[in-house]
Amino acid sequence: MSGRARAMQVETETSNLPFIYRQYEREQLLDALRKMHLIRRFEEGAEECYMRGLIHGTMHLSIGQEASAMGICMPLVNEDQITSTHRGHGHCIAKGADVKRMFAEFFGKTTGYCAGRGGSMHIADVSTGNLGANGIVGGGLPIAVGAALTAKRLRTGKVVVCFFGDGANNEGAFHEALNMAAIWKLPVVFVCENNGYGMSTSTARSTAVANVADRAAAYSMPGVIVDGNVLSDVAEASHDAVERARRGDGPTLIECKTYRYRGHSKSDRNRYRTKDEIDDWMTNRDPIKRYEAQLIEFGIATSDELEAIRNSVQQEIDAGIEFAKASPMPSIDGLADNVYTLEA
Amino acid sequence: MSGRARAMQVETETSNLPFIYRQYEREQLLDALRKMHLIRRFEEGAEECYMRGLIHGTMHLSIGQEASAMGICMPLVNEDQITSTHRGHGHCIAKGADVKRMFAEFFGKTTGYCAGRGGSMHIADVSTGNLGANGIVGGGLPIAVGAALTAKRLRTGKVVVCFFGDGANNEGAFHEALNMAAIWKLPVVFVCENNGYGMSTSTARSTAVANVADRAAAYSMPGVIVDGNVLSDVAEASHDAVERARRGDGPTLIECKTYRYRGHSKSDRNRYRTKDEIDDWMTNRDPIKRYEAQLIEFGIATSDELEAIRNSVQQEIDAGIEFAKASPMPSIDGLADNVYTLEA
Amino acid sequence: MNAPVREISYSQAIQEAMAIAMESDERVILMGEDIGVYGGAFQVTGDLIDRFGPDRVMDTPISELGGAGVAVGAAVTGLRPIFEFQFSDFAALAMEQIVNQAAKMRYMLGGAVSVPLVMRFPAGSGTGAAAQHSQSLEAWLGHVPGLKVIQPATPHDVKGMLLAAVADPDPVMIFEHKLLYKMKGPVPEGHYTVPLNKAEVRREGHDVSIVATSIMVHKALEAAEVLAGEGVSAEVIDLRSIRPIDQETVIASVKKTSRLICVYEGVKTLGVGAEISAMIAESEAFDYLDAPILRLGGSETPIPYNPELEKAAVPQVPEIVDAARGLVRGVR
Amino acid sequence: MNAPVREISYSQAIQEAMAIAMESDERVILMGEDIGVYGGAFQVTGDLIDRFGPDRVMDTPISELGGAGVAVGAAVTGLRPIFEFQFSDFAALAMEQIVNQAAKMRYMLGGAVSVPLVMRFPAGSGTGAAAQHSQSLEAWLGHVPGLKVIQPATPHDVKGMLLAAVADPDPVMIFEHKLLYKMKGPVPEGHYTVPLNKAEVRREGHDVSIVATSIMVHKALEAAEVLAGEGVSAEVIDLRSIRPIDQETVIASVKKTSRLICVYEGVKTLGVGAEISAMIAESEAFDYLDAPILRLGGSETPIPYNPELEKAAVPQVPEIVDAARGLVRGVR
Ligand SMILES: Cc1ncc(C[n+]2csc(CCOP(=O)(O)OP(=O)(O)O)c2C)c(N)n1
Ligand SMILES: Cc1ncc(C[n+]2csc(CCOP(=O)(O)OP(=O)(O)O)c2C)c(N)n1
Ligand SMILES: [Mg+2]
Ligand SMILES: [Mg+2]
């Protein structure tokens with residue numbers, strides 16, 4: 001599925017390079033960057049549209065967490081599946097969704113992934129393996145285990161990745177899901193995106209252990225902690241866990257330490273984080289900047305090439321918004337569509 | 001609250017004696033034996049009454065688990081509180097309830113602890129600190145945490161003990177309750193009575209860790225494993241945990257390894273345990289026999305004295321059943337009593 | 001339906017339906033607590049594990065929320081789980097996955113997925129199991145769009161409706177009254193289905209319509225027999241499905257009899273009978289009504305342990321007889 | 001009630017009630033997710049943490065089942081918790097503790113304990129939050145004996161009823177429509193209570209009774225205004241409590257007007273309006289009815305995200321006007 005990166009051409013000893021540069025082709029590495037930009041620009045674009053009243057409801061932005069979404073999805077193939085969260089735009093794009101249809105969904109249009117019925121909190125693209133964001137914290141955890149059960153029973157070879165937040169780790173669903181995945185040795189990877197807070201409540205105030213991954217021992221599964229803002233580290237942990245799952249050796253819990261730049265949602269007074277803390281993450285630990293710096297350092301791309309990627313992403317975003325705007329609104333007659341597959 | 005046992009009189013070096021013989025007076029030690037007998041005879045009596053059609057519904061017998069109930073309750077004072085389980089007769093008696101009113105409850109009589117409304121699965125005696133058995137596996141876990149919150153906020157000095165089974169350890173409620181007890185440092189002791197099975201499902205098939213106590217680490221609390229059929233070991237673990245809780249140092253998880261002799265409830269085909277396994281526990285590890293042997297070995301009581309205790313217990317049981325039989329049935333007019341405290 | 005018909009029990013009928021479904025479709029799996037070697041709390045799965053093995057008759061840990069969620073995830077991705085709750089009361093632990101996920105997933109995703117899931121809920125009082133093991137909670141799920149909710153009252157229906165449910169692409173919730181499990185009745189061998197959305201007239205009559213659900217159908221039939229002896233002709237309708245409700249059948253009956261009594265075991269207030277009554281009161285049948293619409297539902301109390309109180313907490317035959325007689329004779 | 005009366009918002013009224021309760025009784029504590037420095041998802045607790053500190057304004061982890069259970073345990077042993085769910089939809093995670101424990105504990109224990117617990121549920125659609133954050137689930141809890149369930153529709157009522165709830169020895173569930181939080185209305189300063197079991201006639205009329213709950217009270221009042229312009233006199237009743245239901249007030253109104261429309265946002269089938277309709281259809285008011293009892297309830301769908309669809313999923317003023325006009329003029 002993957003080859004060796006062109007990084008070889010670089011002076012650096014190949015074997016000393018971080019994981020992804022050994023594991024992936026240049027195109028794949030640049031595509032990962034492109035998607036990370038796409039995630040960020042998508043969310044910035046959505047935020048702008050929201051401010052301008054083009055999108056209603058609420059949304060949860062993952063700006064700052066792009067390496068986690070992207071790194072986890074790098075080792076996955078299209079057939080592999082994910083369950084996502086309320087903060088799920090990044091997962092959706094990383095897994096392969098088209099921002100056109102995502103914008104359309106946010107605009108409530110028929111061309112949206114959910115035909116305008118779901119919005120941000122239920123964004124999904126089943127064709128690329130995303131079984132859906134979830135408005136319920138922890139809601140996706142047992143669902144992912146069920147998807148992994150299908151993979152095992154029907155021998156599809158699929159691996160399921162279950163994204164969830166640090167806040168979700170205190171839900172009963174977390175406990176029940178991880179336990180079942182472990183006793184049945186299911187091909188599922190649990191990915192905790194620990195951004196330090198569940199809404200306003202820090203993990204220190206909500207969670208009786210220092211690291212969510214420390215809880216892996218309670219389910220006899222490996223618990224791995226990575227810097228969630230370093231793409232290669234995330235991808236490597238994901239790679240190992242996915243391989244393990246694919247081999248039939250069961251689940252892994254990966255904890256990506258990361259940070260969200262924005263408030264929890266559109267209604268956050270931000271009384272629980274200091275400006276210093278936010279600035280520190282934005283300035284010194286930005287996942288995109290760090291990845292770009294490596295790509296240049298390792299001679300994989302020039303800054304002109306990176307600029308070109310950013311430009312093309314911007315065009316894709318603009319086109320996506322245009323598509324969404326131009327798409328038709330659902331008709332009121334369709335209110336009851338898809339409550340059932342077969343009407344009774 | 002407790003003194004030193006008369007065991008001193010015995011040749012053995014006092015300091016080598018197991019915990020309870022150093023901790024409690026002779027009367028307390030014999031009272032513990034009496035209560036263990038009372039538990040067993042109560043359940044045998046209830047079983048008989050059930051077979052003879054005098055008691056209806058279902059019941060879950062804890063025969064074989066008496067040391068766990070009794071040992072845990074030994075360090076408690078009357079004001080301390082417990083939450084109990086569907087297998088809760090032992091807890092109720094160990095905490096101080098009167099078997100008369102327990103039988104009356106099983107007979108559905110007005111003189112029962114629940115006025116005939118609760119039966120075996122809801123047996124409670126609030127006056128001796130038992131907040132109630134629970135028909136919902138894991139149902140008592142968060143309730144115990146809430147009771148401990150009251151103790152802490154109102155500074156009552158009470159400690160709360162939360163009994164639950166190995167099966168309950170896979171409920172989300174377990175996870176949520178232990179986490180909250182830990183982050184808030186509440187005076188609660190979680191006691192898992194691990195009898196190897198949740199109904200028919202062995203811990204090996206249901207639980208992703210070898211010992212339930214291994215999960216304590218996921219809540220940064222001490223996890224202690226004891227032989228649940230050795231009264232002194234249980235009491236010692238309970239003593240330490242209760243002291244810790246009373247000091248304000250937070251919760252402990254104690255796992256008592258034990259066994260139930262009877263089937264899960266009145267409808268068990270027993271296809272999941274071997275006769276050998278059951279026989280082994282009954283013959284070689286019976287908690288009452290082991291405790292009696294120690295009492296004699298350490299010269300605390302003679303076999304005649306033990307016989308006298310058994311006889312007095314039998315009389316108490318007989319009297320309890322008579323009381324229950326003679327008690328009045330509730331009147332149908334009272335169907336809606338106590339749905340509310342104040343009728344709206 | 002040319003298949004031989006035998007008398008088997010309600011629980012055997014369920015077991016037979018599950019076996020047929022599993023034999024013809026390897027995607028069908030059973031999940032639940034102690035449904036393997038134990039055979040299920042009410043012995044409904046019995047020895048199916050011997051036939052289909054532990055991979056298809058899966059004991060779950062005691063994790064109702066997680067277990068239900070696993071079933072949802074499995075259903076969305078290609079399996080066809082039949083999930084057993086040990087007691088319907090434990091639905092309270094899994095409402096999140098049933099209601100927020102299973103019922104809404106297709107809708108929220110604009111039709112991108114289906115959730116072919118069957119859940120079975122042993123329900124009702126009468127076993128002395130007290131307040132936490134005796135509830136009739138079908139009204140909760142009947143209130144939830146996206147679910148189909150049924151209450152088969154006979155061995156014949158439970159087999160046919162379960163087979164229809166397994167074949168259905170949407171989540172179907174089956175409430176099975178525990179006291180029905182041992183009831184025997186004629187059941188054809190082999191595969192057949194009973195529609196999930198049709199009520200059934202169990203007894204024709206012209207003085208009063210009694211619409212009943214689950215075990216109350218049998219009590220209503222007993223009552224109708226007594227009433228017949230008194231010259232009152234009661235029509236008894238077995239509602240069978242509470243989402244959707246077969247309005248047509250109920251409306252037609254009320255237009256004929258001009259009187260309606262709803263009999264159900266769930267708590268009276270906001271129970272199934274509230275919906276039947278309201279549905280008729282707003283329908284064309286309203287103009288045909290000669291009397292108030294009566295409801296006999298469960299008492300406004302938890303289910304008590306004491307057996308006499310327990311009986312008093314749910315409608316019994318004499319009350320149905322009295323209510324019908326009073327309604328027909330105009331004694332209110 | 002001589003206290004000065006100011007115009008404050010619904011959410012301020014709740015906050016004020018909580019502050020008064022906490023000041024006069026140190027056993028009163030607030031529990032919920034992000035109710036501390038964040039001030040609550042809807043800013044209802046606001047800055048109460050600054051006044052009462054984190055021991056009495058407790059942020060819980062995201063653990064609805066456990067959190068609710070802690071509140072139950074605390075209530076049984078001497079505290080008086082007011083527990084906030086961030087969205088009423090999350091009640092689905094805590095039904096076990098609410099229904100199997102809080103509602104039944106006193107009954108199951110033969111009266112040995114009380115459970116003085118208040119739970120607050122921000123409910124309803126209209127915020128674009130889609131299917132899992134927009135439900136109106138009061139009918140579920142209204143079906144449960146042992147609970148008291150209220151839906152205050154005004155700032156005045158929510159303050160007085162919350163204060164009554166905190167003083168009540170039994171578990172009281174308060175459904176607060178999210179769109180009401182910003183609505184202002186006259187609210188007396190200081191302590192006062194509004195009974196938990198009384199409906200209120202908000203507008204008198206003689207042609208048709210409109211019984212509405214929560215935000216629908218305001219839509220019904222708007223509709224009544226329009227109807228008045230057309231010569232139709234509508235009486236609007238704010239039900240306020242759904243367990244118990246104030247039958248007396250509703251029956252008296254229907255006896256006067258002979259026509260009834262129930263308006264509620266929850267899913268129509270098995271929603272609150274079903275109970276109101278059924279209650280009237282079996283009452284003495286039946287004989288006074290001149291027309292079918294209409295129900296305008298939420299659509300039989302999850303709440304969709306698209307704002308136009310979202311509006312279409314719940315009753316709106318024009319539909320209430322049309323229904324009332326049709327009923328009064330006999331156009332069906
Ligand atoms: C069951 C449930 N409880 C509460 C909420 C409200 N809520 C939405 S997101 C959120 C915080 C989640 O924190 P975390 O899991 O860390 O994810 P993050 O937002 O940090 O990405 C909360 C409390 C919810 N949607 N579902
Ligand atoms: C929530 C819930 N799920 C299932 C049951 C049915 N049930 C009653 S006891 C039991 C087994 C409990 O096992 P464990 O916790 O080990 O306690 P034990 O019976 O061994 O004492 C089960 C499954 C229940 N009462 N409540
Ligand atoms: Mg977080
Ligand atoms: Mg056990």
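Keep in mind it's a predicted model, so treat the numbers as computed, not measured. Residue numbering restarts at 1 for every chain, and letters A, B, ... go by the order of the sequence lines.
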Handout entry: D/Q97 side chain near B/P142 side chain, heavy-atom distance below 4.5 Å
Key = yes

Handout entry: Positions in residues 157-165 of chain D that reach chain B, provided some heavy atom is under 4.5 Å away
Key = none

Fill in the blank from the handout: If one checks every heavy atom of B/A147 against chain D at 4.5 Å, the contacting part turns out to be both

Practice task
Taking D/D170 for its side chain and B/T341 for its backbone only, find out whether a donor-acceptor pair lies under 3.5 Å.
Solution key: yes

Exercise for the section: Measure the shortest side-chain to side-chain distance between B/L149 and D/M58 over non-hydrogen atoms and say whether it is less than 4.5 angstrom. Expected result: yes

Handout entry: Residue-level interface, residues 98-111 of chain D with chain B, non-hydrogen cut-off under 4.5 Å
Key = D/N100, D/Q101, D/M105, D/R106, D/Y107, D/M108, D/L109, D/G110, D/G111

Exercise for the section: Go through the atoms of B/L178 and report whether side chain, backbone, both or neither lie under 4.5 Å from a heavy atom of chain D. Expected result: neither

Handout entry: Nearest heavy-atom neighbours spanning B/G139 and D/E96
Key = CA-OE2, 3.6 Å

Problem - Pairwise side-chain contact, B/W184 with D/T60, heavy-atom cut-off 4.5 Å (strictly under) - result: yes

Problem - Proximal component of B/E105, with respect to chain D [non-hydrogen, under 4.5 Å] - result: neither

Completion exercise
Answer key: most heavy-atom pairs under 4.5 Å with chain D among B/H122, B/H175, B/K152 is B/H122

Problem - Where D/G66 and B/M180 come nearest, the two heavy atoms and their spacing - result: C-CE, 3.3 Å

Handout entry: Residue, of D/I29, D/I62, D/L65, that accumulates the most heavy atom pairs under 4.5 Å with chain B
Key = D/L65

Fill in the blank from the handout: One option among B/L186, B/N134, B/N179 has the most heavy-atom pairs under 4.5 Å with chain D, and it is B/N134

Exercise for the section: Start with the C-alpha distance between B/L154 and D/E26, add both sets of side-chain angles, then the distance that settles side chain to side chain contact (heavy atoms under 4.5 Å, CB included), and finish with yes or no. Expected result: CA-CA 9 Å; B/L154 300 185; D/E26 67 141 14; 4.0 Å; yes

Handout entry: Beyond-backbone contact of B/L131 with D/T77, side-chain heavy atoms, under 4.5 angstrom
Key = yes

Fill in the blank from the handout: Counting heavy-atom pairs under 4.5 Å with chain B, the top scorer among D/A68, D/G78, D/A74 is D/A74

